[in-house]
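Take a look at the structure below.
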Amino acid sequence: MRRSGSTRRVGRTFRTVAAVVACGAALAALAAVPAQAREPGRHAPHWELKDSGTPEVRFRGLSAVSRNTAWVAGTAGTVLRTTDGGASWRNVSPPGAAELQFRDIEAFDTRRAVVLAIGEGEASRIYRTDDGGATWTESFRNTDQRAFYDCLTFFDRRHGLAMSDPVDGRFRILSTGDGGRTWKVLPGDGMPAAQEGEAGFAASGQCLVASGPKDVWLATGGAARARVLHSADRGLTWTAADTPIPAGDPARGVFGLAFRDRTHGLAVGGDYRPDQASPQAAARTGDGGGTWRSAVTPVPAYRSGVAWLPHSRSAALAVGPTGTDLTTDGGRTWRTVGSGSYDTVDCTPDVGCWAAGEKGRVARLES
């Protein structure tokens with residue numbers, strides 16, 4: 001029998017509520033895992049690896065659409081897509097991109113996505129697909145040898161930004177108003193001066209993040225102070241705030257940001273070198289990034305990716321090469337709950353959380 005539109009909506013609502021309840025139970029169980037068993041077993045909430053078939057690729061770009069659909073982007077110009085929860089993956093890499101390093105991808109649904117390649121000069125490029133990766137259009141190629149693009153983000157399906165390391169002493173911002181089909185460089189008048197050596201980290205696709213229709217934040221490191229820059233007008237004007245995450249070295253700073261609304265945000269980072277400690281590698285804000293406070297119990301090591309858990313005001317996950325950490329109090333305290341290596345993490349409204357990283361690793365949070 002054909003169901004009415006209202007009946008279908010009610011059905012979707014009940015499925016979403018059920019998923020949220022299941023997620024809440026899973027998070028409670030995850031937080032209760034004892035310290036001596038932080039790598040969860042088969043029946044505890046855990047990252048379940050999904051065989052991507054690409055052990056030679058490192059995926060730092062990840063865009064989760066739902067529990068079933070996710071896109072990943074990485075080295076050797078590789079883009080993969082799943083629509084069955086990771087049971088199978090389709091290689092949808094743009095042709096002729098094998099020499100490029102994809103570090104960020106933003107997907108709108110199962111068919112439409114925008115991917116960013118990083119690097120100096122023409123190595124920085126942006127591609128868009130409207131047919132699930134069957135074909136791609138190159139919509140931007142950087143022609144300024146001084147520019148190096150790190151991350152991109154979208155406010156909605158039309159409006160988005162991409163950011164480059166400083167050119168002429170200021171971070172450079174690209175803007176699109178047509179879903180990534182065309183791009184233009186925004187005027188730099190409203191951008192604060194960069195510090196000596198300051199740059200973004202293309203480590204997880206989270207050095208530029210948006211929340212709502214106009215707010216966007218940019219994470220930095222490599223200079224004397226690790227900062228977060230905020231714009232409330234889609235990148236036209238910016239203010240800068242220092243964070244307590246240590247910097248003072250090209251390998252240190254803020255690597256990933258997550259905002260659950262225009263006020264509450266999390267920052268993670270540290271020193272990406274495996275032989276270096278990363279104290280105070282997590283911070284939180286409650287005023288839109290105007291001020292940042294260190295976590296009372298920070299993540300124990302360098303972390304490059306962070307994501308709020310859907311439908312939660314206080315729970316989030318942080319990931320890095322040495323493990324996964326969970327906060328259930330809005331970033332005040334963190335606890336390690338897994339030891340697997342991941343570079344980036346993303347969660348969806350239907351309670352689908354995904355992570356990706358080195359050696360073709362892609363996983364979904366299961367309970």
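Computed from a predicted structure; not experimentally measured.
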Distance from [X] atom [atom1] to [Y] atom [atom2], nearest 0.5 Å?
| X | Y | atom1 | atom2 | result |
| --- | --- | --- | --- | --- |
| Asp346 | Ser63 | CG | OG | 5.5 Å |
| Phe108 | Arg157 | CZ | CZ | 7.5 Å |
| Asp109 | Arg111 | CG | CZ | 8.5 Å |
| Phe59 | Arg103 | CZ | CZ | 13.0 Å |
| Arg125 | Ile118 | CZ | CD1 | 13.0 Å |
| Leu62 | Ile105 | CG | CD1 | 9.0 Å |

Angle between ring planes, Trp71 versus Trp136, binned at 30° and 60°: parallel, tilted or perpendicular?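 It falls in the perpendicular class, over 60°.
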Give the ring-plane orientation class for Phe255 versus Phe201, where under 30° counts as parallel, over 60° as perpendicular and anything between as tilted.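 The arrangement is parallel - the two ring planes meet at less than 30°.
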Could you tell me whether [X] atom [atom1] has more than 12 heavy atoms of other residues or ligands within 6.0 Å of it?
| X | atom1 | result |
| --- | --- | --- |
| Arg273 | CZ | yes |
| Glu99 | CD | no |
| Arg170 | CZ | yes |

Does a salt bridge link [X] with [Y], judged by any charged N lying under 4.0 Å from a carboxylate O?
| X | Y | result |
| --- | --- | --- |
| Asp104 | Arg60 | no |
| Arg181 | Asp130 | yes |
| Lys214 | Asp233 | no |
| Arg67 | Glu366 | yes |
| Asp271 | Arg252 | yes |

Does a side-chain heavy-atom distance below 4.5 Å link [X] with [Y]?
| X | Y | answer |
| --- | --- | --- |
| Phe140 | Leu174 | yes |
| Leu229 | Trp217 | no |
| Trp354 | Val345 | no |
| Thr176 | Leu152 | no |
| Val362 | Trp89 | yes |
| Tyr127 | Val114 | no |
| Gln206 | Leu257 | no |
| Trp334 | Leu266 | yes |

Would you please say whether a donor-acceptor pair under 3.5 Å links the side chains of [X] and [Y]?
| X | Y | result |
| --- | --- | --- |
| Thr327 | Asp325 | no |
| Asp84 | Thr82 | yes |
| Arg303 | Thr322 | yes |
| Thr220 | Glu198 | yes |
| Ser139 | Trp183 | yes |
| Thr333 | Asp329 | yes |

Is there a donor-acceptor pair closer than 3.5 Å between any side-chain N or O of [X] and the backbone N or O of [Y]?
| X | Y | answer |
| --- | --- | --- |
| Thr344 | Ser204 | yes |
| Ser52 | Gly360 | yes |
| His46 | Leu365 | no |
| Arg128 | Gly179 | yes |
| Ser314 | Thr328 | yes |
| Thr54 | Glu56 | no |
| Thr75 | Arg58 | yes |
| Asp350 | Ser66 | no |
| Ser164 | Ala147 | no |
| Ser93 | Val79 | yes |

ILVMFWY network linking [X] to [Y], side-chain heavy atoms under 4.5 angstrom:
| X | Y | answer |
| --- | --- | --- |
| Trp308 | Leu208 | no |
| Tyr342 | Tyr272 | no |
| Tyr149 | Leu161 | no |

Please assess Asp178 against Thr182 for the test side chain to side chain donor-acceptor pair (under 3.5 Å), listing each intermediate value before the final yes or no. CA-CA 7 Å; Asp178 55 13; Thr182 61; 2.6 Å; yes
Would Thr336 and Thr324 count as a side-chain contact (heavy atoms from CB on, under 4.5 Å) here? Give the steps. CA-CA 6 Å; Thr336 302; Thr324 297; over 6 Å; no
Between [X] and [Y], what is the shortest heavy-atom contact and its length?
| X | Y | value |
| --- | --- | --- |
| Gln280 | Ser294 | NE2-OG, 3.6 Å |
| Ala281 | Ala301 | CB-O, 4.2 Å |
| Pro321 | Ser341 | O-CB, 3.2 Å |
| Asn91 | Leu80 | CA-CD2, 3.6 Å |
| Arg260 | Ser211 | C-OG, 4.2 Å |
| Ala356 | Val72 | CB-CG1, 4.1 Å |

With sequence neighbours excluded, give me every salt bridge (Lys or Arg N to Asp or Glu O under 4.0 Å) pair touching residues 139-150.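 Found Glu122-Arg141, Glu138-Arg141, Asp144-Arg146, Asp144-Arg172, Arg146-Asp168.
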Are Arg234 and Phe155 in a cation-pi contact, defined as NZ or CZ under 6.0 Å from the six-membered ring centre and within 45° of the axis?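 Judged by the rule, Arg234 and Phe155 form a cation-pi pair.
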Could you please spell out the steps behind the salt bridge (Lys or Arg N to Asp or Glu O under 4.0 Å) verdict for Asp215 and Arg262? CA-CA 7 Å; Asp215 287 276; Arg262 68 187 309 265; 2.9 Å; yes
Does the pair Val92 and Thr129 meet the rule for a side-chain contact (heavy atoms from CB on, under 4.5 Å), with working shown? CA-CA 10 Å; Val92 294; Thr129 182; over 6 Å; no
